[in-house]
Protein chains: 2
Amino acid sequence: MAKNIQSLERAAAMLRLLAGGERRLGLSDIASSLGLAKATAHGILRTLQHEGFVEQDPGSGRYQLGAELLRLGTTYLDVHELRARALVWTDDLARSSGEAVYLGVLHQHGVLIVHHVFRPDDSRQVLEVGAMQPLHSTALGKVLAATDPVAHAELVDAKREPFTARTVTELDEIERTLDLTRAQGYAADNEETFEGVAAVAAPIYDRRRLAVGSVGITGAVERVCRDGELRPELIAAVRDTARSVSRDLGAKPF
Amino acid sequence: MAKNIQSLERAAAMLRLLAGGERRLGLSDIASSLGLAKATAHGILRTLQHEGFVEQDPGSGRYQLGAELLRLGTTYLDVHELRARALVWTDDLARSSGEAVYLGVLHQHGVLIVHHVFRPDDSRQVLEVGAMQPLHSTALGKVLAATDPVAHAELVDAKREPFTARTVTELDEIERTLDLTRAQGYAADNEETFEGVAAVAAPIYDRRRLAVGSVGITGAVERVCRDGELRPELIAAVRDTARSVSRDLGAKPF
DNA sequence: GATAGCGTTTAGCATTGTCGAACGCGGCAG
DNA sequence: CTGCCGCGTTCGACAATGCTAAACGCTATC
């Protein structure tokens, strides 16, 4: 195990702490939360502030995340190859399915949304790019857990929180669902994450035939399902989109 | 001048370098660009990778920005008070004006877009949240430079690039425009940044009556202007929105 | 107007990150 | 096939670097 730079690890921990706590945090809170001396925490925060990664409220002296993170995070999206290739196809999927489209990749213990196309009606919707979804209850997450060994390991290790009465948290049952996902090439989320919301997703492969992400649609169960089952034409549309993106990434269809 | 943590400054410089270069960068490029020994650069990159701030392409070994930046950058938006307060009003402004709405704050040498409402038609538009705009040529930037002393200083120091034939780069003339902006309470961008694109913006104040950002609309000059001048009803709508948001932030109307 | 808590600064020690050199590996040319 | 060059990575020793603990000024509170 190679040793990592201590001050950087501490700085990263601070940023994650600031991201977690809803409100701004004071220096003493930060220092005690991480078990550091106040002066140590102060030195790191001062540098982070100078670089734009954290900001300090002039009135209260409290700290919060800084604007430079937004700029760099957006740049990450600009360079993201999977997202760039998926842009065209996801628009078409949203139009043909009439539902919101999500594109996600594995990040830490969940799915990071890297692209989101609004449902094509005039309702007010909030952009969820940059948000995280759990692996065990969402369609995007199940697809990744079924096709990416790293994602699967994360799912096994993670604590699987029940969000609704339908959420499956037992490992045995999840494994059976993942087997099914591998067999049929897509996964579903039937009110397992939000009441009244269902989703379908399919895996995206790169040229080495490794899963690099998943696409899917999410919508009200009344529209997405019929007789308690997902509408077959929506499943087909999602799988077609996933195949098209995979082909764009260089994956050969066997 | 207090001293900052060296390794953190170097790590931040690396992230900015990776954000600037369009493509992935190799270790040797990074080390020589920053004037560091390869081993030093490697130690920092290894830690940044472990924390999710950079990723390494398994094939080429090159480095690029990591997903954690997107997650943290989005969290920054979630906590952003100005943005939260502006959400409702900007939707209304987009609807009443029929144009795209932008909300920006000062960041480093330019305006960072923290919110963007699409023009309410079905045309394909790309979200510009997280992007930067220059201070000297845009409506959002001029408003900030006219109302925020820090932004003004940044404008004076910055190199003012000419984007179109109409871009004003001479300091004297810009200062006169800023005086006018302060006097009338809004600023315009008449094809000074993009050919055929015009914009109006107005300042947003907080409870201490300090400028904290600017809102504005941007659109094709044929729609936004009439007889070479901005349509008065659009100027009024933008100023109303800025006042509403300021009031939400606690600014008293004198 | 004393107190308690905050963020900040200071000084000295030793831990920590840095550096130059060497390593293993892959691609490329001879 | 073999030698070479470039890459990313590891190693070990030095001292510069960032850490710790204690003291400082400040504001808000009772």
Side-chain angles (χ1 to χ4, degrees), chain A residues 1-18 21-66 79 206-208 210 250, chain B residues 1-18 21-66 79 206-208 210 250:
Chain A
M1 174 121 58
K3 73 179 211 285
N4 284 332
I5 294 179
Q6 187 186 49
S7 54
L8 270 182
E9 287 184 325
R10 289 171 168 178
M14 280 185 197
L15 292 178
R16 251 177 264 122
L17 185 69
L18 287 172
E22 288 300 299
R23 220 178 39 262
R24 300 180 239 254
L25 294 174
L27 172 63
S28 305
D29 304 328
I30 297 173
S32 65
S33 293
L34 300 177
L36 300 175
K38 279 202 298 180
T40 306
H42 177 69
I44 295 172
L45 283 169
R46 173 162 31 80
T47 308
L48 286 175
Q49 178 181 20
H50 183 253
E51 302 294 336
F53 290 89
V54 306
E55 294 170 0
Q56 188 174 25
D57 186 60
S60 63
R62 292 187 136 98
Y63 293 92
Q64 61 172 61
L65 294 182
V79 187
D206 69 356
R207 59 187 68 89
R208 283 161 302 179
L210 297 174
Chain B
M1 175 117 58
K3 73 174 208 283
N4 284 331
I5 294 179
Q6 189 187 49
S7 54
L8 272 181
E9 287 184 325
R10 290 171 168 179
M14 280 183 198
L15 292 177
R16 251 176 264 121
L17 185 68
L18 288 171
E22 287 301 300
R23 222 179 36 260
R24 303 181 235 255
L25 294 174
L27 171 62
S28 305
D29 303 329
I30 297 173
S32 66
S33 291
L34 300 177
L36 299 176
K38 279 202 299 180
T40 307
H42 177 69
I44 295 173
L45 282 169
R46 173 162 31 81
T47 309
L48 286 174
Q49 179 183 18
H50 185 252
E51 302 294 336
F53 289 91
V54 306
E55 294 170 0
Q56 188 175 23
D57 185 58
S60 64
R62 294 186 133 99
Y63 292 93
Q64 62 172 72
L65 294 182
V79 186
D206 69 357
R207 59 187 69 86
R208 285 160 301 180
L210 298 175

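Hydrogens, waters and symmetry mates play no part in the numbers below; they use all other heavy atoms, side chains included. The chains referred to below are lettered A, B, ... by the order of the sequence lines, with proteins before strands, and numbering in each begins at 1.
One axis for each end of the helix from dG1(C)-dC30(D) to dA14(C)-dT17(D), each built from five base pairs, and the angle between them comes to 10° at 10° resolution.
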CA sep, side-chain torsions, deciding dist, call: Ile30(A), Tyr63(A), side chain to side chain contact (heavy atoms under 4.5 Å, CB included): CA-CA 9 Å; Ile30(A) 297 173; Tyr63(A) 293 92; 4.3 Å; yes
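For the pair Arg62(B) CZ and dG26(C) P, the interatomic distance rounds to 17 Å; values are reported in whole Å. Regarding Leu8(A), its CG atom lies at a distance of 10 Å from the P atom of dC19(D), rounded to whole Å. The CD-P distance, from Glu9(B) to dG18(D), rounds to 8 Å in whole Å. Protein atom CG of Leu25(A) is 14 Å distant from nucleotide atom C1' of dG7(C), rounded to whole Å. Ile44(B) has its CD1 atom 13 Å from the C1' atom of dT17(D), to the nearest Å. Per the geometry, CG belonging to Asn4(A) stands 12 Å off P belonging to dT9(D), to the nearest Å. We find that CD1 of Ile5(A) is positioned 9 Å from C1' of dT18(C), with the value rounded to whole Å. Here dT17(D) presents its P atom at 12 Å from CG of Leu36(B), a figure rounded to the nearest Å.
Applying the side chain to side chain donor-acceptor pair (under 3.5 Å) rule to Glu55(B) yields no partners; only residues at least two apart in sequence or on another chain are considered.
Phosphate contact (OP1/OP2 of dT20(D), side-chain N/O of Arg10(A), threshold under 4.0 Å): present. His42(B) has no side-chain polar atom (N or O) that falls below the 4.0 Å cut-off from OP1 or OP2 of dG8(D). Between Tyr63(B) and dC7(D) there is no side-chain N or O to OP1 or OP2 distance below 4.0 Å.
For the residue pair Leu45(A) and Val54(A), the shortest heavy atom distance occurs at O-CG2, 3.7 Å. Leu8(B) and Ser7(A) make their closest contact through CD2-O, 4.4 Å (heavy atoms, listed as atom of the first residue, atom of the second, distance). When every heavy atom of Asp29(B) is checked against every heavy atom of Arg62(B), the shortest pair comes out as OD2-NH2, 4.4 Å. Of all heavy-atom pairs spanning Ala12(B) and Glu51(A), the tightest one is CB-OE1, 3.5 Å.
Comparing Ser7(A) and Leu27(A) along DNA chain C, the residue whose closest nucleotide (by nearest heavy atom) sits nearer the 5' end is Leu27(A). Summary of the strand contacts: Gln6(A) and Ser60(A) both lie near DNA chain C, and taking for each the nucleotide with the nearest heavy atom, the more 5' one is attributed to Ser60(A). In this structure, Lys38(A) and Gly35(A) both approach DNA chain D, and ranking their closest nucleotides by distance from the 5' end singles out Gly35(A).
In the set dC19(D), dG20(C), dG8(D), dG20(C) carries the atom at the smallest distance from any side-chain atom of Ala37(B). Listed nucleotides dT8(C), dT9(C), dC19(D) differ in distance to Gln56(A); the shortest reach to its side chain belongs to dT8(C).
Side chain of Ser32(B) to main chain of Ser28(B): a donor-acceptor pair is present (N/O by atom type, distance under 3.5 Å, no hydrogens or angles). With hydrogens and angles ignored, the 3.5 Å screen pairs no side-chain donor or acceptor of Asp57(B) with any backbone N or O of Gly61(B).
Within the 4.0 angstrom heavy-atom criterion, base atoms lie near Thr40(B).
dA11(C) sits 22 Å from dT15(C) when the P atoms are compared, rounded to a whole Å.
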